[in-house]
2 protein chains.
Amino acid sequence: MSDNIADRFDRIRVPSAYEMVADAIESEIVSGRLRPGDEIGTEAALVRQFGVNRSTVREGIRVLEQGGLVRREAGRKLYVCEPRHSALSSRMSRALVLQDVTFRELFDTALILEVGAVEGAVAHADDDVIAALEANQSRIEEAIGNPVLLSEIDTEFHALVAHASRNRVLELAREPAAILFFPSSEMICRRVPEGGPRMVEAHRRIIDAIKARDLDLARTWMRRHLVDWRKGFVRAGREIDAPVERIFARYALSRSSI
Amino acid sequence: MSDNIADRFDRIRVPSAYEMVADAIESEIVSGRLRPGDEIGTEAALVRQFGVNRSTVREGIRVLEQGGLVRREAGRKLYVCEPRHSALSSRMSRALVLQDVTFRELFDTALILEVGAVEGAVAHADDDVIAALEANQSRIEEAIGNPVLLSEIDTEFHALVAHASRNRVLELAREPAAILFFPSSEMICRRVPEGGPRMVEAHRRIIDAIKARDLDLARTWMRRHLVDWRKGFVRAGREIDAPVERIFARYALSRSSI
DNA sequence: ATGAGACCGTTTGTCCGACAAAGCGGATAA
DNA sequence: TTATCCGCTTTGTCGGACAAACGGTCTCAT
């Protein structure tokens with residue numbers, strides 16, 4: 001009854017005990033009183049402190065774990081996570097797949113983000129990252145003809161470029177798309193053999209442009225590199241407006257949840 | 001012992017029962033056998049099907065809930081989520097805050113993403129979204145002088161522009177940054193009164209450029225709008241290289257988890 | 001003295017059974 | 001027909017229990 005006018009009030013939610021447990025620990029972490037690497041007590045200790053049942057504590061811990069705030073070291077203790085290690089990106093990717101986003105959406109976004117990343121890299125890359133990029137490049141030569149290895153190296157290359165931008169927000173923003181986007185280059189390399197050499201050259205030019213701090217050149221080659229991907233995608237017989245296959249969700253998930 | 005050479009094998013993880021429960025339901029959803037809006041059975045039913053204890057089932061449900069795959073309708077039944085409603089973005093934002101990212105990182109990324117969004121909007125905006133943008137604009141005039149309302153409208157404006165791009169990947173990619181970025185305009189409007197009228201003009205120009213399908217103009221005004229933000233930020237006496245205050249994490253979280 | 005192996009307490013993962021409170025649906029009364 | 005009540009179902013929480021895995025210590029043989 002009374003759906004006739006716009007609802008003024010939100011539904012009242014009584015927080016349950018496990019949510020309060022999770023919130024209590026979360027606010028300790030967010031406020032900085034618990035720092036990454038610190039250990040949370042044992043379940044028994046939390047039971048004592050919160051005065052709730054262990055099942056309740058455990059549900060709260062699951063919530064925090066999935067939120068990427070705490071992790072359980074292989075066997076036992078609970079530690080506060082360093083947040084970059086959290087597996088949130090893969091969950092984002094999964095959400096994208098469930099929305100049946102198309103390869104075109106993926107491509108358009110990757111173009112924006114990767115060009116942005118290389119711009120940042122030109123501005124901020126230091127010797128360490130450049131060395132890492134060169135190391136990545138040195139592995140690519142021998143990987144030609146091996147699609148699996150090639151796509152792995154390509155994925156790492158783009159992650160390194162993003163890292164070189166010294167912009168963690170950008171690094172995080174590109175990840176969900178990257179997880180879905182770059183693995184598909186394996187399929188392309190398999191069907192379009194000339195894709196390999198073109199990738200090698202593009203990477204080479206991008207690294208050189210970063211080293212030379214040449215913004216335009218870096219932009220141009222990154223864009224070219226991605227347009228190559230799209231061309232290869234089409235030449236491999238795939239439809240760019242088709243939704244990303246759901247298989248990728250499982251793939252992306254299993255790779256990044258380790 | 002034997003840390004001397006690179007480890008070849010990953011640690012073996014024996015999946016626990018609640019993880020298997022979560023995985024089983026997840027793969028039903030990802031594969032499409034369970035569709036958004038479908039209801040999962042009651043806890044008792046899951047206990048029967050999986051042959052595990054209810055505590056175990058409940059832990060598995062917590063995992064799925066946090067992963068944004070299922071939601072619990074106010075009171076009772078478990079439903080498969082429509083993935084866009086998931087609160088993953090706010091968790092991403094939280095991770096960013098915990099990494100002490102700076103406003104500069106936030107700004108640089110927002111610039112890339114918002115300009116990308118408006119480019120997409122110029123290409124793909126339809127009448128409905130343009131109407132929504134105009135409606136948003138019509139509310140802004142009376143909000144001048146009300147920083148809270150103004151920043152709310154600005155946030156909605158940018159979300160609408162992103163939506164107009166018809167690119168869900170981009171929409172999702174910008175969200176974690178947007179959650180942290182735009183609320184800070186409230187603080188700016190409070191301290192830099194001339195920010196309000198400048199925002200009104202920028203929005204007006206951007207909408208007009210989208211309607212006129214004028215790519216360059218849209219880009220220019222979006223960039224100008226964001227640079228204005230940065231100027232205001234500095235004039236408000238804030239340090240652009242300072243980390244985003246942790247207060248924003250709670251703010252962002254409480255606003256989006258409803 | 002030192003390293004290997006056994007031993008024991010701790011902690012987690014799982015199970016069982018139970019109960020109050022909240023929601024839902026049907027029956028009943030006005 | 002509408003409002004109220006009652007009973008059933010389901011969730012949220014509780015208490016207690018136990019096997020397996022892990023960590024640390026202690027002993028024993030070399």
Side-chain angles (χ1 to χ4, degrees), chain A residues 1-4 7 9-26 34 37-81 257, chain B residues 1-4 7 9-26 34 37-81 257:
Chain A
M1 53 201 82
S2 81
D3 267 347
N4 36 10
D7 292 346
F9 297 110
D10 291 331
R11 185 177 181 87
I12 288 180
R13 272 188 42 71
V14 191
S16 42
Y18 74 88
E19 287 172 313
M20 297 184 68
V21 167
D23 283 349
I25 298 175
E26 175 191 325
L34 276 174
D38 287 358
E39 58 182 76
I40 323 257
T42 65
E43 293 179 1
L46 294 174
V47 166
R48 263 200 315 280
Q49 294 177 56
F50 289 117
V52 297
N53 190 270
R54 192 155 78 97
S55 312
T56 305
V57 166
R58 283 176 63 84
E59 287 189 41
I61 289 174
R62 292 300 154 248
V63 170
L64 294 171
E65 229 170 31
Q66 286 303 106
L69 285 173
V70 309
R71 69 174 195 287
R72 182 145 257 166
E73 187 96 330
R76 334 210 52 61
K77 292 216 188 84
L78 267 183
Y79 291 99
V80 178
C81 255
S257 68
Chain B
M1 54 198 81
S2 81
D3 269 343
N4 35 10
D7 291 347
F9 297 109
D10 292 329
R11 184 178 180 88
I12 288 179
R13 271 189 41 72
V14 188
S16 41
Y18 74 88
E19 287 172 314
M20 297 184 69
V21 168
D23 283 349
I25 298 175
E26 174 190 326
L34 277 174
D38 287 358
E39 56 182 77
I40 322 260
T42 65
E43 294 179 1
L46 294 174
V47 165
R48 262 199 316 279
Q49 294 177 56
F50 289 118
V52 297
N53 191 267
R54 192 156 76 99
S55 313
T56 306
V57 166
R58 284 176 63 84
E59 287 188 41
I61 289 174
R62 292 300 152 249
V63 171
L64 295 171
E65 230 170 28
Q66 287 302 107
L69 285 172
V70 309
R71 69 174 196 286
R72 183 144 255 166
E73 188 98 327
R76 352 230 3 87
K77 293 216 188 82
L78 267 182
Y79 290 99
V80 178
C81 257
S257 68

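Computation of the quantities below employed the complete heavy-atom set of this structure, encompassing side-chain atoms and omitting hydrogens, waters and symmetry-equivalent molecules.
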Which heavy atom of B:Gly37 sits nearest a heavy atom of B:Tyr79, and at what distance? O-CD2, 3.2 Å
Please list, by residue number, the residues of residues 38-51 of chain B whose heavy atoms come closer than 4.0 Å to an atom of DNA chain D; answer none if no residue qualifies. B:Thr42, B:Glu43
DNA chain C contacts among residues 56-71 of chain A, heavy-atom distance under 4.0 Å: A:Arg58, A:Arg62
Once you round it to whole Å, what is the distance between C1' of D:dG12 and CZ of B:Arg72? 9 Å
At what distance, to the nearest 0.5 angstrom, does CG of B:Asp23 lie from CG of B:Leu64? 8.5 Å
Does any donor-acceptor pair link the side chain of A:Arg54 with the base of C:dG13 at a separation under 3.5 Å? yes
Roughly how far, to the nearest 0.5 Å, is the CD atom of A:Glu39 from the CG atom of A:Leu34? 10.5 Å
Just jot down the side-chain contact (heavy atoms from CB on, under 4.5 Å) partners of A:Arg54, sequence neighbours excluded, or say none. A:Glu43, A:Val47, A:Arg58
Taking only Lys NZ, Arg NE, NH1 and NH2, and the carboxylate oxygens of Asp or Glu, determine whether A:Glu65 and A:Arg62 approach each other closer than 4.0 Å. yes
Would a 4.5 Å heavy-atom cut-off, applied to side chains only, mark B:Ile40 and B:Val70 as touching? yes
When rounded to the nearest 0.5 angstrom, what distance separates CD1 in A:Ile25 from CG in A:Leu46? 5.0 Å
Measure across A:Thr56 and A:Ala17 and return the closest heavy-atom pair with its distance rounded to 0.1 Å. CG2-CB, 3.7 Å
Is the phosphate of C:dC16, meaning OP1 or OP2, less than 4.0 Å from a side-chain N or O of B:Asn53? yes
